[in-house]
Amino acid sequence: MKPDWYPDWTGHTAMLVASGPSAKDIPFDLAKGRVKVIATNNSWQLVPWADHLHGCDFSWWERFEGVPEFKGLKTCSEYRATRVPEWDIKYVQVTKGDDRINFTDMGKLGWGGNSGFHALNMAIQFGCKKILLVGFDMTIAYGIHWHGPHPSGHNPRNSTVQRWRRAFDGSARAIEARGIDVINCSHISTLLQYRKMTFEDALNETC
């Protein structure tokens, strides 16, 4: 059963903003009011007007005290984040070790090992048929994150991003088979199974 807090984004384009270094150069204001936006972790600071903020780790939410500055939907895949009422965080269940997109069980997501994969799964479950990936670099050759490393850990290594890449690329065929168009807007991304476009071109094509 679909969670009662799930938004209906049917017919909308979603923009997912991850933490790859390429995200820092994107003119995000061009997308304001034109797409639905899910930011992951610190990347909400690039798009403070985003609709949705997802962080899969309780420790991240704890460090920022639930991010009270963010007024949109907030989600976490660790249930204990929902136990702090003033944070107002919704729980999404993930199946650890299962790196497949869950298309049918609303509120349950594939794992993929990172918040960006969860954001992609949620955008699909919300009904989006076109999705723009921003900052999904899947390499640390140009830095860890656009904001630098997390002081408390949870920073990617080469083996980590390789695993993320396998999860994303491994899901591409199933996503395409459902008529969902995913566009990779990172020019340095190592993802291979999604067409690449500049952010501006992808935005103009979809909106």
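The shown structure was predicted, so the numbers you read here are calculated from the model rather than taken from an experiment. By convention here, the first residue in the shown sequence is residue 1. As a basis for the values below, the full set of heavy atoms in this structure was taken, side chains included, without hydrogen atoms, waters or symmetry mates.
How far CH2 of W164 is from CG of N114: 5.0 Å, rounded to the nearest 0.5 Å. The distance from atom CG of N121 to atom CD1 of I124, rounded to the nearest 0.5 Å, is 6.0 Å.
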For this session: Walk me through it: do N42 and W60 pass the test side-chain hydrogen bond (donor to acceptor under 3.5 Å, both in side chains)?
Result: CA-CA 9 Å; N42 293 58; W60 182 85; 2.7 Å; yes

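Between the side chain of R83 and the main chain of Y79, no donor-acceptor pair closer than 3.5 Å is present. The backbone N or O of A123 sits nowhere less than 3.5 Å from a side-chain atom of W9 that would complete a donor-acceptor pair. With hydrogens and angles disregarded, a donor-acceptor distance shorter than 3.5 Å links the side chain of D51 to the backbone of V37. Listed for the E86 side chain is no donor-acceptor partner under 3.5 Å among the backbone atoms of G66. Distance alone, capped at 3.5 Å, places no donor-acceptor pair between the K74 side chain and the K71 backbone. The main-chain N or O of M138 is found under 3.5 Å from a side-chain atom of T190 such that the two form a donor-acceptor pair. Judged purely by atom type and a 3.5 angstrom limit, K196 uses its side chain to pair as donor or acceptor with the backbone of S189.
A donor-acceptor contact under 3.5 angstrom links the side chains of S19 and S43, judged on distance only. Residues S186 and S22 bring a donor and an acceptor atom of their side chains to less than 3.5 Å of each other.
Taking the six-membered ring where the residue is Trp, Y6 and F126 present perpendicular rings, their angle passing 60° and hence far from 30°. Between F117 and F168, the angle of the ring planes goes over 60°, which puts this pair in the perpendicular group of the 30/60° scheme. By the 30° and 60° cut-offs, the orientation of the rings of H54 relative to H52 is perpendicular.
Counting only residues at least two apart or in different chains, salt bridge (charged side-chain N to carboxylate O under 4.0 Å, His left out) contacts with residues 116-140 comprise K130-D181, K130-E205.
In this structure, the side chains of M122 and V92 come closer than 4.5 Å at one or more pairs of heavy atoms.
Scanning all heavy atoms of the two residues, the minimum distance from S115 to N41 falls at OG-ND2, 3.6 Å.
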